[in-house]
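Everything on this sheet refers to the single structure shown next.
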Amino acid sequence: MAQDRKKVLVLGAGYAGLQTVTKLQKELSAEAAEITLINKNEYHYETTWLHEVSAGTINYEDLLYPVEKTVNKNKVNFVVAEVTKIDRNAKRVETDKGVYDFDILVVALGFVSETFGIDGMKEHAFQIENVLTSRKLSRHIEDKFANYVASKDKDDRDLSILVGGAGFTGIEFLGELTDRVPELCSKYGIDQNKVKLTCVEAAPKMLPMFSDELVNYAVNYLEERGVEFKIATPIVACNEKGFVVEVNGQKQQLEAGTSVWTAGVRGSHLMEESFEGVKRGRIINKQDLTIDGHDDIFVVGDCAAFIPAGEERPLPTTAQIAMQQGEHVAMNIKHMLNGEPTQDFQYVNRGTVCSLGAHDGIGIVYGRDISGKKAAFLKKVIDTRAIYKLGGVGLAFKKGKF
Ligand code: FAD
């Protein structure tokens with residue numbers, strides 16, 4: 001009977017949440033559960049492409065599509081609303097559009113940028129966090145180039161971009177910039193030698209997930225295209241002029257018209273407000289992806305800190321893991337509805353590819369190092385596969401990278 005149907009509530013339509021829902025609608029009949037998906041936008045966006053929108057190498061429309069295109073209306077109630085409170089004990093979620101009760105909850109609210117309290121970073125640096133922040137950044141970069149040409153007193157800082165962090169996002173963004181800068185220079189008639197791209201990284205080593213050989217490949221590739229690296233150089237502040245760094249105990253001001261912070265993310269702020277034992281927006285989950293004391297609450301994606309059995313450190317935050325967790329949770333919900341025990345999550349690491357613009361990259365795929373055009377090709381396959389898994393063949397043809 002309809003009133004006996006369990007209420008399954010999924011928060012967030014990113015990789016983890018949308019994968020949970022698309023798998024649930026495949027696995028369950030319309031009578032099996034009342035499924036509601038809540039997301040603050042009517043669209044889903046490919047977060048892993050945000051560096052491209054940020055640099056301006058693709059348009060923002062290219063990485064988003066309506067959530068409605070992926071959900072089966074007969075089985076899923078999709079609500080566009082912002083979640084404002086999760087009351088785990090009352091089993092209720094508050095949003096700006098109303099209150100929703102649940103029997104089973106899936107929290108998939110994703111990440112936000114983390115500036116670690118660095119003075120002025122939040123106020124003065126651009127962040128690569130969502131569609132809006134990325135659009136703002138690409139427009140700003142182009143405005144600065146246009147301003148350089150239009151102004152009588154040329155200010156070289158208009159053509160300088162500082163990137164804080166040589167992690168995955170920082171390197172992928174720099175790769176896109178090395179594609180974008182020649183386009184902008186040609187459009188505005190600017191001598192490319194005047195453009196300055198500087199990457200500032202506090203750690204002595206970049207991209208720790210890759211071998212030294214691959215890291216050297218990426219550094220050489222980007223340096224040949226005009227990127228200067230300042231490694232082992234902590235950023236201690238950010239202001240309207242750029243970054244303040246510390247070199248040999250002395251503070252130095254690096255000046256640029258654009259400063260971008262790419263060096264940290266954390267899980268949603270709602271996590272600390274809703275659960276105990278949360279660190280930087282992430283909660284350690286049990287092996288079946290529920291959380292301690294709540295067998296009916298799953299946490300997945302960037303809000304989860306999943307430590308595989310026998311290991312000490314949580315898995316990193318990646319789209320690959322978020323999607324695998326989403327699929328797993330859908331199956332565990334099916335088990336629960338059938339009165340069966342839930343299964344433990346096993347992560348299958350297929351590899352990681354870091355793009356260096358549209359035509360090059362580095363990666364480890366099934367344990368093997370790859371670089372160059374092969375890596376760039378594989379990255380496009382991975383990006384297209386993600387759309388296929390969430391939206392099917394039609395959407396993959398429309399939005400995929402061919
Ligand atoms: P998200 O994708 O962040 O989705 C969360 C969803 O919840 C969003 O739709 C958001 O709008 C919604 N939401 C948030 N708060 C609320 C609220 N209060 N109410 C309602 N809705 C809300 N990973 C890889 O595996 N490979 C890569 O190559 C890769 N490249 C990356 C490149 C960049 C530039 C970035 C920034 C990240 C990259 N990542 C990559 C990491 C990957 O994008 C994240 O790990 C992944 O997006 C996490 O998925 P998620 O579903 O947990 O969260």
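Sequential numbering from 1 along the given sequence is applied to the chain's residues. For ligands, and for the atoms within them, numbers begin at 1 and follow the listed sequence.
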Lys40 and Asp96 ion-paired at < 4.0 Å: no
Closest approach of any protein heavy atom to atom 2 (O) of ligand 1, naming residue and atom: Thr47 OG1, 3.2 Å
Contact check, Ser268 vs ligand 1, heavy-atom distance below 4.0 Å: no
Charged N-O contact under 4.0 Å between Lys69 and Glu42: no
Salt bridge Lys187-Glu142, side-chain N to carboxylate O under 4.0 Å: yes
SB check Lys230 Glu228 (cutoff 4.0 Å): yes
Ion pair Lys136/Glu129, N-O distance below 4.0 Å: no
Mode of Phe168 contact toward ligand 1 - side chain, backbone, both, neither (heavy atoms, under 4.0 Å): side chain
Atom indices of ligand 1 within 4.0 angstrom of Lys379 heavy atoms, with elements: 27 (C), 28 (O)
Within reach of ligand 1, part of Cys303 (heavy-atom separation under 4.0 Å): neither
Residue Gly301 vicinity, atoms of ligand 1 by number, heavy atom under 4.0 Å: 52 (O)
Check ion pair Glu46-Lys401 (N to O, under 4.0 angstrom): no
Salt bridge flag under 4.0 Å for residues Glu255 and Lys196: no
Atoms of ligand 1 close to Gly110 [distance to a heavy atom under 4.0 angstrom, numbered from 1]: 1 (P), 3 (O), 5 (C), 52 (O), 53 (O)
N or O pair under 3.5 Å between His51 and ligand 1: no
Thr318: numbered ligand 1 atoms lying under 4.0 Å from its heavy atoms: 23 (N), 24 (C), 25 (O), 45 (O)
Flag if over 12 foreign heavy atoms under 6.0 Å of NZ, Lys205: yes
Minimum side-chain heavy-atom gap Thr198-Phe229 below 4.5 Å: no
Proximal ligand 1 atoms for Phe111, defined as those under 4.0 Å from one of its heavy atoms: 3 (O), 36 (C)
Close side-chain approach of Phe145 to Cys185, heavy-atom, < 4.5 Å: yes
Which segment of Thr169 sits under 4.0 Å of ligand 1 when only heavy atoms are counted: side chain
Identity and separation of the nearest protein heavy atom to atom 12 (C) of ligand 1: Asn39 OD1, 3.2 Å
Residue and atom name of the nearest protein heavy atom (relative to atom 46 (C) of ligand 1), distance in Å to one decimal: Tyr15 CD1, 3.7 Å
Atom 20 (C) of ligand 1 - nearest protein heavy atom and its distance: Lys40 N, 3.2 Å
Pair Asp155 + Arg157, salt bridge at N-O below 4.0 Å: yes
Shortest protein heavy-atom distance from atom 18 (N) of ligand 1, along with the residue and atom involved: Val83 O, 3.1 Å
Within 45° cone of Tyr221 ring axis and under 6.0 Å: Arg225 NZ or CZ: yes
Geometric cation-pi criterion Lys399 and Trp49, 6.0 Å radius, 45° cone: no
Ala16: numbered ligand 1 atoms lying under 4.0 Å from its heavy atoms: 51 (O)
Atom indices of ligand 1 within 4.0 angstrom of Ala322 heavy atoms, with elements: 49 (O)
Residue selection (non-hydrogen contact nearest atom 44 (C) of ligand 1) among Val112, Leu270, Asp302: Asp302
Per-residue contact class, Glu172 against ligand 1 - non-hydrogen pairs under 4.0 Å: side chain
Atoms in ligand 1 with a heavy atom of Ala81 nearer than 4.0 Å: 19 (N), 20 (C)
Part of Asn41 with heavy atoms under 4.0 Å of ligand 1, whether side chain, backbone, both or neither: side chain
Glu82-ligand 1 polar pair, N/O distance under 3.5 Å: no
Which residue and heavy atom of the protein sit nearest atom 14 (C) of ligand 1, plus the separation: Leu109 O, 3.2 Å
Output field: ring centroids Tyr43/Tyr65 closer than 6.0 Å: no
Qualifying residue for side chain to side chain donor-acceptor pair (under 3.5 Å) with Glu272, from Arg282, Arg266, Arg280, Lys279: Arg266
Heteroatom proximity flag, Val300 to ligand 1, N/O under 3.5 Å: no
Geometric cation-pi criterion Lys73 and Phe78, 6.0 Å radius, 45° cone: no
Part of Cys354 within contact of ligand 1 (heavy atoms, under 4.0 Å): neither
Closest candidate by heavy atom, reference atom 4 (O) of ligand 1, pool Gly14, Ser113, Gly17: Gly14
Heavy-atom nearest neighbour of atom 24 (C) of ligand 1 within options Ala386, Gly351, Ala319: Ala319
Whether Phe397 and Phe402 hold their rings parallel, tilted or perpendicular, with breakpoints at 30° and 60°: parallel
Nearest neighbour in protein (non-hydrogen) for atom 29 (C) of ligand 1: Thr48 CG2, 3.3 Å
Atom 7 (O) of ligand 1: nearest protein contact (heavy atom, Å): Gly12 CA, 3.5 Å
